[in-house]
Protein chains: 2
Amino acid sequence: MTGAVRSRGPGRRPGPTETREAILASARELFAEKGYDGASLRAIAREAGVDPALVHHFFGNKEGVFIAAMRFPVDPGRLLPVIMAAPRERLGETMVRTFLEIWSDADRRAPILAMLRSAMTNERAAAMMREFVSSALFARAGAAADVPLVNVQSAAGQLIGVMLLRYVIRVEPIASVPEEELVTLIGPSIQRYLDHSAP
Amino acid sequence: MTGAVRSRGPGRRPGPTETREAILASARELFAEKGYDGASLRAIAREAGVDPALVHHFFGNKEGVFIAAMRFPVDPGRLLPVIMAAPRERLGETMVRTFLEIWSDADRRAPILAMLRSAMTNERAAAMMREFVSSALFARAGAAADVPLVNVQSAAGQLIGVMLLRYVIRVEPIASVPEEELVTLIGPSIQRYLDHSAP
DNA sequence: GCTTAAATTCAACACATGATGAGTTCATCT
DNA sequence: AGATGAACTCATCATGTGTTGAATTTAAGC
């Protein structure tokens, strides 16, 4: 009867170290929910069941946590080939479907949301997103589809905007419309941007 | 040599009261830049050259300042008729032009940005935006153009997404492309959404 | 089994935040 | 001219923030 859940004193915990990953998981969740500035180190630590100082010990400072948590947003290197495998006249349709598939899964949506939310209010996060999105997404997609960058970005704008209304602001009816309806509605617009050949 | 710019003691200032407006102006600027949570009452007061308590005196609390600062985002009642005056087959083009005109002017962009930035990280701000955008924008536009709401919202998503990439994240090249190029690029997509007749 | 290194917490710092109540100066109304 | 109220500042509170250094416990290497 002595084994009450004591508040656990200092010192290393028994067993293999799993706290680092726990911290990263909480960080992703909270950054996704509140953005960079809104998610506090202390809240992350609390959610991970850990002292705030431990977060520091592992990642140095808040920015370190953010950078570590953001590694692996979507892995475009693996996603692009899948999309490009579709027949050229169905590219738009395929892209909308892929986007919806990712966004409708909370776990895969989280890092993207975190990036977007943070970039909206934090200049450094905006810089990170700018660089990632330019080099890792737009440049590759443009090259793969042989389409000018402005076109790729217009298409991306369309997708981001709709996801924002659907999953962040949650305006009706677009928040509840079935996925297939969005595919037939938006797909052709995307297709149009990708049909224009390079100048 | 006695008239040094003293740090100004307590008590009402001479002349008519202009501080209220000054506070609102600073509030709009800062909410636009940092969003609801990022803009602090103290920073707003500092920018307006005023004691933080005065902000409280006028608006009660932080939310009061936000609500007061957000009155008049775009005045859709005056904007819609202008847009709808265009010939039906040029609606898309006209909308893109109108949007670009508003967003390229920092003063008119500010309240929209404030709303958007705040809605990204603050649930109450998101609720406000949801309501405003649903009743004041989408419902009217849908009725005026006799188009289903999902179509209106898809068009809005396209516009918001592009503005986001252009003016918030500032990704190149879409951040620097001349307005007319965007009009011919995106206009047809918008037009498509508005061409579908109501179900 | 001893030693070194890593994991973990505690206590504290310096600072920023939103809020409040009391006090002072001016404008306005009679 | 005097009274009332509005505009305005000061000092202060309680709370939350990111960060740091020291102390303690466990795991790994020899």
Side-chain angles (χ1 to χ4, degrees), chain A residues 3-27 30-31 33-69 118 121-125, chain B residues 3-27 30-31 33-69 118 121-125:
Chain A
V5 189
R6 226 198 341 234
S7 59
R8 198 198 294 114
R12 183 167 187 160
R13 301 182 187 177
T17 303
E18 58 202 344
T19 348
R20 205 193 138 98
E21 273 311 311
I23 294 178
L24 280 183
S26 313
L30 283 173
F31 281 135
E33 235 176 84
K34 317 241 191 191
Y36 181 81
D37 299 291
S40 77
L41 272 194
R42 295 171 124 95
I44 293 176
R46 204 179 313 133
E47 167 105 6
V50 145
D51 190 276
L54 186 58
V55 182
H56 248 91
H57 171 63
F58 278 130
F59 305 101
N61 54 22
K62 188 174 183 180
E63 197 171 328
V65 184
F66 186 69
I67 294 180
S118 304
T121 47
N122 186 285
E123 180 48 41
R124 309 220 16 160
Chain B
V5 190
R6 225 195 345 234
S7 60
R8 199 200 290 115
R12 185 167 186 161
R13 301 182 187 179
T17 304
E18 57 201 347
T19 349
R20 207 192 136 97
E21 272 312 309
I23 293 178
L24 281 182
S26 313
L30 282 172
F31 281 135
E33 233 176 86
K34 318 242 190 191
Y36 182 81
D37 299 291
S40 77
L41 274 193
R42 296 170 125 94
I44 293 176
R46 204 179 311 131
E47 168 104 9
V50 146
D51 189 276
L54 186 59
V55 182
H56 248 90
H57 171 61
F58 278 129
F59 305 100
N61 54 23
K62 188 175 182 180
E63 197 172 327
V65 184
F66 186 69
I67 294 180
S118 304
T121 46
N122 185 285
E123 180 48 42
R124 310 219 18 158

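Because the structure is a prediction, the values reported are computed rather than measured. Below, chains carry the letters A, B, ... as their sequence lines are ordered, and counting in each starts from 1.
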What nitrogen or oxygen pairs link the protein and nucleotides 27-30 of chain D at under 3.5 Å?
residue	atom	partner	partner atom	Å
D:dA27	OP1	A:G15	N	2.6

Please give, in whole Å, the distance from D:dC8 P to B:F59 CZ?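 The distance from CZ of B:F59 to P of D:dC8 comes to 11 Å, rounded to the nearest Å.
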Please list, pair by pair, any protein nitrogen or oxygen found under 3.5 Å from a nitrogen or oxygen in nucleotides 14-18 of chain D.
residue	atom	partner	partner atom	Å
D:dT17	OP1	A:S40	OG	3.0
D:dG18	OP1	A:L41	N	3.3
D:dG18	OP1	A:K62	NZ	3.0
D:dG18	OP2	A:L41	N	2.9
D:dG18	N7	A:R42	NH1	2.3
D:dG18	O6	A:R42	NH1	3.0
D:dG18	O6	A:R42	NH2	3.3

With sequence neighbours excluded, tell me which residues meet side chain to side chain contact (heavy atoms under 4.5 Å, CB included) with A:D51.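 So A:D51 forms a side chain to side chain contact (heavy atoms under 4.5 Å, CB included) with A:A53.
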On the nucleotide D:dA6, are OP1 or OP2 found under 4.0 Å from the side-chain N or O atoms that B:T17 carries?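 False: B:T17 side-chain N/O out of range (4.0 Å or more) of D:dA6 OP1/OP2.
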Which pair of heavy atoms, one from A:I44 and one from A:S26, lies closest together, and at what distance?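 Answer, listing the atom of A:I44 first, then A:S26: O-CB, 3.7 Å.
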Closest to the B:T19 side chain, choosing from D:dC8, C:dT20, C:dA7: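 It is D:dC8.
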Do any pairs count as a side-chain hydrogen bond (donor to acceptor under 3.5 Å, both in side chains) and have a residue in residues 52-64 of chain A, sequence neighbours left out, and if so which ones?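 Non-adjacent pairs meeting side-chain hydrogen bond (donor to acceptor under 3.5 Å, both in side chains): A:E63-A:R124.
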Heavy-atom check, side chain of A:P52 versus side chain of A:L41, under 4.5 Å: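 They are not in side-chain contact.
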Result block: side-chain N/O donor-acceptor pairs under 3.5 angstrom for residues 14-21 of chain A, not counting sequence neighbours:
none

Set of residues satisfying ring-ring contact (aromatic ring centres under 6.0 Å, His included) with respect to B:F58, sequence neighbours excluded: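 For B:F58, no residue satisfies ring-ring contact (aromatic ring centres under 6.0 Å, His included) once neighbours in sequence are set aside.
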Contacts of type ring-ring contact (aromatic ring centres under 6.0 Å, His included), residue A:F66, not counting sequence neighbours: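 With sequence neighbours excluded, A:F66 shows a ring-ring contact (aromatic ring centres under 6.0 Å, His included) to A:F31, A:Y36, given in chain and number order.
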If a pair satisfies salt bridge (Lys or Arg N to Asp or Glu O under 4.0 Å) and one of its residues is in residues 33-49 of chain A, list it, with sequence neighbours excluded.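 Qualifying pairs: none.
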